[in-house]
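Working notes for the structure below.
What you see is a predicted model, and the numbers here were worked out from it, not measured in a lab. Residue numbers begin at 1 in each chain, while the letters A, B, ... track the order of the sequences.
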Number of protein chains: 2
Amino acid sequence: MRADARKNYDHLLTIAREVFAEHGAEAAMRDIARRAEVGLGTLYRHFPTREALLEALLRSSFGALAERAKSLEASMPSDQALVSWLKEIIAFTHEHRGIIAPMMGAIEDSDSALHASCVTLRSAGASLLARAQADGKARADLSGAELFDIIAALAWLREQSSHASRAERIFKVIAGAILSH
Amino acid sequence: MRADARKNYDHLLTIAREVFAEHGAEAAMRDIARRAEVGLGTLYRHFPTREALLEALLRSSFGALAERAKSLEASMPSDQALVSWLKEIIAFTHEHRGIIAPMMGAIEDSDSALHASCVTLRSAGASLLARAQADGKARADLSGAELFDIIAALAWLREQSSHASRAERIFKVIAGAILSH
DNA sequence: ACCTGAACACCGTTCAAGT
DNA sequence: ACCTGAACACCGTTCAAGT
């Protein structure tokens, strides 16, 4: 990549992070280009879709969350590890308002730039779930795909401001439904 | 209301129903006016917000769902009544793609045209829940507001096409978390 | 009293013209 | 090779001008 292009690329990522933090993942692409003081075409040249931009921005975070699953798996009872990881995923999506909808769209669309990251996360969750199931601590009749659905539903709910005061309670109720009893 | 206004009002509702059915509740207001062959200002005069239009369209359905709760309550064991009603609510929101997000926004915004309908639904659910709780068939530590959150989460999930194949399973898992065991 | 549609301030996306 | 921003086809919402 040419030096000026590299500079634009990096600067766009920095500004996009700010704008997404302020307005959520549906923020106007135009606004990002404007605030980066770059032509709109430059933004689209580097990131042909909104999802490509989100992916470039969050790739390392998705990787870290997957690694985190392994580390929790190694340092905690399987049920605690699963629940802790679920908490961290929900906290992450909450910090990145608007990210769960494109993720849910990407999980079964291999053309999406977010596809690989979503599959990685689903696998990380499935692995934690499988270990808890092997220990008899999570209900046996749940798949990784179903766990991902539940995560997505909780993540979306967490984005709704009218739900804020009940977030912890609902998390406990739903997490309880995943564990065996 | 003047006769020509009445005619426009009714015609707009008919067309809006079609357009929302085709494109979901976020369909373009312009598109509705266009297809109704009415000026855009006429649409906004009758329905100053999208929510006012949705409310006029769905008011009777919301009322019917609330009535349905009472009728199920009278004709079934309390746990079955609760679960059946939940199923009907999810089916309804599924038929009206995009409706759950404005509903979730309206439930704590008394200025929203959808507010009253949402509160009515929440009350209907709370009543079913309370009866099941009194019978020891639903977990006692759940409020009507929490039930509404869970309904909203399930409804949103049901809108995601990647989730379609698992909808029944997830419903059972979550409904199971509401009942006692 | 009611209707119309231009006007305004936005979008996402593309692409000819420039450096 | 890369950048720019006008151009196109859209939005939601308002409001002056008409009937």
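Listed pair H46(A) / dC2(D) fails the phosphate criterion, with no side-chain N or O lying under 4.0 Å from OP1 or OP2. Dashed line: the shortest gap from a side-chain N or O of N8(A) to OP1 or OP2 of dC3(D) is under 4.0 Å. OP1 or OP2 of dC10(D) has not a single side-chain nitrogen or oxygen of R34(B) nearer than 4.0 Å.
Checked against side-chain contact (heavy atoms from CB on, under 4.5 Å), E108(A) has the following partners two or more places apart in sequence or in another chain: S162(B), R166(B). Residues forming a side-chain contact (heavy atoms from CB on, under 4.5 Å) with S161(B) (at least two apart in sequence, or on another chain): none. Taking the ring-ring contact (aromatic ring centres under 6.0 Å, His included) definition, one finds that F47(A) meets it with Y9(A), sequence neighbours left out. Remark: H96(B) engages F92(B) in a ring-ring contact (aromatic ring centres under 6.0 Å, His included) (not counting sequence neighbours).
Under the 4.5 Å side-chain criterion, counting only non-hydrogen atoms from C-beta, R97(A) is not in contact with F20(A).
One interatomic measurement links the two molecules: CE of M1(A) to P of dA1(D), which rounds to 13 Å at whole-angstrom precision. Here the C1' atom of nucleotide dC10(D) and the NE2 atom of H23(B) are 14 Å apart, to the nearest Å. Distance, D10(B) CG to dC2(C) P: 14 Å, rounded to whole Å. Atom-to-atom, NZ of K7(A) to C1' of dC3(D) comes out at 13 Å; the value is rounded to the nearest Å. Whole-Å rounding puts the D4(A) CG to dC3(D) P distance at 5 Å.
E159(B) contributes no side-chain N or O that, together with a main-chain N or O of A155(B), makes up a donor-acceptor pair within less than 3.5 Å. At least one donor-acceptor pair under 3.5 Å links the side chain of T120(A) to the backbone N or O of A116(A). Although no hydrogens or angles enter the test, the distance criterion places no donor-acceptor pair under 3.5 Å between the side chain of R169(B) and the main chain of E146(A).
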Exercise. Given Watson-Crick or G-U pairs with both distances under 3.5 Å, what dot-bracket string fits DNA chain D, with | for other-strand pairs and [ ] for crossing?
Worked result: ||.|||||...|||||.||
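Under 3.5 Å, the side chains of D135(A) and S78(A) contain a donor-acceptor pair of N or O atoms.
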For this session: Encode nucleotides 12-19 of chain D as B, S and - characters from 5' to 3', where the letter depends on protein heavy atoms closer than 4.0 Å: B to the base, S only to sugar-phosphate, - to neither.
Result: BBBB----
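R6(A) comes within 4.0 angstrom of no nucleic acid atom, judged by non-hydrogen atoms across all strands.
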